[in-house]
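Below: one structure, written as structure tokens.
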Number of protein chains: 2
Amino acid sequence: MNRVLSLPAEIPEIAGETSSTLKAFGVLEVLVRAGRAVTLSELMQATDLPKPTLHRTLTLFEEAGFLAREPGGRAFIIGERLSRFALDVLRSDAAAAQRRTILRALVSEITETCNLAVLKKGTLVYLDRVEAPWPLRLHMAEGGGGLPPHCCASGKLLLAHLPPPERQGLLGLLPLERFTERTITDRAVLESELDRIVSVGYAVDNEEYVLGVACVAVPVRSRDGDVIASLAVQGATARLPLMRAIEFIPRLRAAAAEIGSTFG
Amino acid sequence: MNRVLSLPAEIPEIAGETSSTLKAFGVLEVLVRAGRAVTLSELMQATDLPKPTLHRTLTLFEEAGFLAREPGGRAFIIGERLSRFALDVLRSDAAAAQRRTILRALVSEITETCNLAVLKKGTLVYLDRVEAPWPLRLHMAEGGGGLPPHCCASGKLLLAHLPPPERQGLLGLLPLERFTERTITDRAVLESELDRIVSVGYAVDNEEYVLGVACVAVPVRSRDGDVIASLAVQGATARLPLMRAIEFIPRLRAAAAEIGSTFG
DNA sequence: GCCCGCCGTTCCGTTAAACGAAACGCATGG
DNA sequence: CCATGCGTTTCGTTTAACGGAACGGCGGGC
């Protein structure tokens, strides 16, 4: 009974977390992913948390009904309350489900990877992303931070549609780091590019972030017409030269309109 | 926009809780049960927690990926990480042991493969599955993604019992990909099929996904009558022609009732 | 335009909860 | 009988959570 519990890589370093709440949540994630009753010492190995801390956390959850003890044992299992909580979470996912479905339909039609992104704290983050069934995939560094907005189609699109004051503010602060020889690193050039984007209604990234990768992005608008997100198609230029990507724009716009209607 | 958020009675007095972690969980429970984007001030009413405490808690969860902001707004919605967590919980639940026992009993009685499934993000995913001891087994692509809901009995059953707005939303968006000559690919046909499913109380899949495989699914209901999952029997038509599968419905219903009572 | 009120956000001095090394209890088994 | 491994409890220290108060931005009313 000396089984080792592996800590999935996606769960970020629990012991390094300062907040007791997030630590506790991390413990639950590990426990839940084990798929079986888990003992305190197994969790010690998996989380690197000190024994008393774990014990306190676990018994707290036990008393609150989120966890329970394995009948006849000391190991912890999922409690009634956590089970119900999880069900409620999945139930209220409905809106996200709709969006994902729209994305999937779009991807299966044009067979290229598409994503839905928003600007968060000055960087671009994905809300959702559906990969096309091609072997050559690129993995944008997701996870914690986002992508620099000045060199991808979605980022430029969202920058372009910011209210003028924020747009100016961000423009003055963005590092405009260079990634390829096509990356726009000049503030004035970027600004006129943004103006152009607003007038034509879409944005392109012609290998400005990664060589050999092109993107086209169109705005997703809320019911009252505000641009709230960006819908983009991306692909290797070998398969998806920019000209071909641009032909997808009408289809992208249709999907963007559908997605827009799922918000608010 | 002066909606009031009701605090379900089962969530015990969040403000009186001493542990910050349990307070945080209580907030999540309220948020998740609202079933829509929720603002800070709504949560203030519902939880009686002071504004800064709530703000701290919510932004903490946001930074950790458990929550996200409604695009274009300030309200909070369920984040990617929480969604995944919920799925993991339901997969390895304590009551899961109980459910698995019920499933096993069912399978050993009718000697055909049975499964328990829910709808997540517009696709069908298995909570549990017990194989019958026959050599001819089919392995549905488990793992990451799920099954298309329009062509399997469980999927159609769960679609049929969605609240009308979500049902319409999904129906309009599902690709309705064809897998066999019996797959329903026409929206109107599918819709009337769903209506029929609601009225007769079960769904069938007559080789609509895989040739030679038939399924029958019945709803699993929570204590208050909501359809929360689907219990289905599946098998090769050589052994399990649809007519025989339909004869199992009373037995399936009995098991579904037992399983339903293991949820909250 | 101007003010007012609402809401989200930030500040900061206070307080109490979280922390974890160490010790304890209690099995098991060598 | 002691050695070992695990769960549990203790307690002095530390640090994160707390929340009243003030701030700032937005929108509605006048």
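Keep in mind the model is a prediction, meaning the values are calculated, not measured. In what follows, chains are A, B, ... by sequence order, proteins preceding strands, each numbered from 1.
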Atom pair CD1 (A:Ile249) and CG (A:Leu231), whose distance is rounded to the nearest 0.5 Å
11.0 Å
What integer distance in Å separates B:Glu42:CD from C:dC7:P?
10 Å
Taken to the nearest 0.5 Å, the spacing of B:Leu49 CG from B:Leu54 CG works out to 5.0 Å
Let me know the distance between CZ of A:Phe61 and P of C:dA18, rounded to the nearest Å.
11 Å
Would you check, one step at a time, whether the test side-chain contact (heavy atoms from CB on, under 4.5 Å) holds for A:Leu119 with A:Leu124?
CA-CA 5 Å; A:Leu119 220 46; A:Leu124 190 80; 4.1 Å; yes
What is the distance from CG of A:Leu40 to C1' of D:dT9, rounded to the nearest Å?
13 Å
Intermediate values then yes/no, side-chain contact (heavy atoms from CB on, under 4.5 Å), B:Lys23 and B:Val27
CA-CA 6 Å; B:Lys23 251 182 280 197; B:Val27 171; 5.6 Å; no
Does any part of the side chain of B:Val130, heavy atoms only, come nearer than 4.5 Å to the side chain of B:Leu106, both counted from C-beta?
no
In this structure, how many angstroms lie between the P atom of D:dG20 and the CE atom of B:Met44, rounded?
10 Å
Not counting sequence neighbours, which residues clear salt bridge (Lys or Arg N to Asp or Glu O under 4.0 Å) with A:Asp226? List them please.
none
Does A:His55 place a side-chain N or O at less than 4.0 Å from the phosphate oxygens OP1/OP2 of D:dG7?
no
Sort me out a list of protein N/O and nucleotides 19-22 of chain C N/O pairs below 3.5 Å, or just none if empty.
{"residue": "C:dC19", "atom": "OP1", "partner": "A:Lys23", "partner atom": "NZ", "Å": "2.8"}
{"residue": "C:dC19", "atom": "OP2", "partner": "A:Arg56", "partner atom": "NH1", "Å": "3.0"}
{"residue": "C:dG20", "atom": "OP2", "partner": "A:Thr53", "partner atom": "OG1", "Å": "3.0"}
{"residue": "C:dG20", "atom": "N7", "partner": "A:Arg56", "partner atom": "NH2", "Å": "3.1"}

Whole Å only: how far is the CZ atom of A:Arg74 from the P atom of C:dA27?
9 Å
Runs of at least three consecutive Watson-Crick or G-U pairs, both distances under 3.5 Å, are what I'm after; which ones involve DNA chain D?
C:1-30 with D:1-30
To the nearest 0.5 Å, atom CG of A:Leu147 lies from atom OG of A:Ser154 at 9.0 Å
Look at the side chain of A:Thr183 and the backbone N and O of A:Thr185, then say whether any donor-acceptor pair between them is shorter than 3.5 Å.
no
Step by step, would you call A:Glu191 with A:Gln168 a side-chain hydrogen bond (donor to acceptor under 3.5 Å, both in side chains)?
CA-CA 9 Å; A:Glu191 193 153 4; A:Gln168 286 309 318; 2.8 Å; yes
Phosphate OP1/OP2 of C:dC6: any B:Ser41 side-chain N/O under 4.0 Å
no
Nearest whole angstrom, please: distance from the P of D:dA16 to the CG of B:Leu22.
19 Å
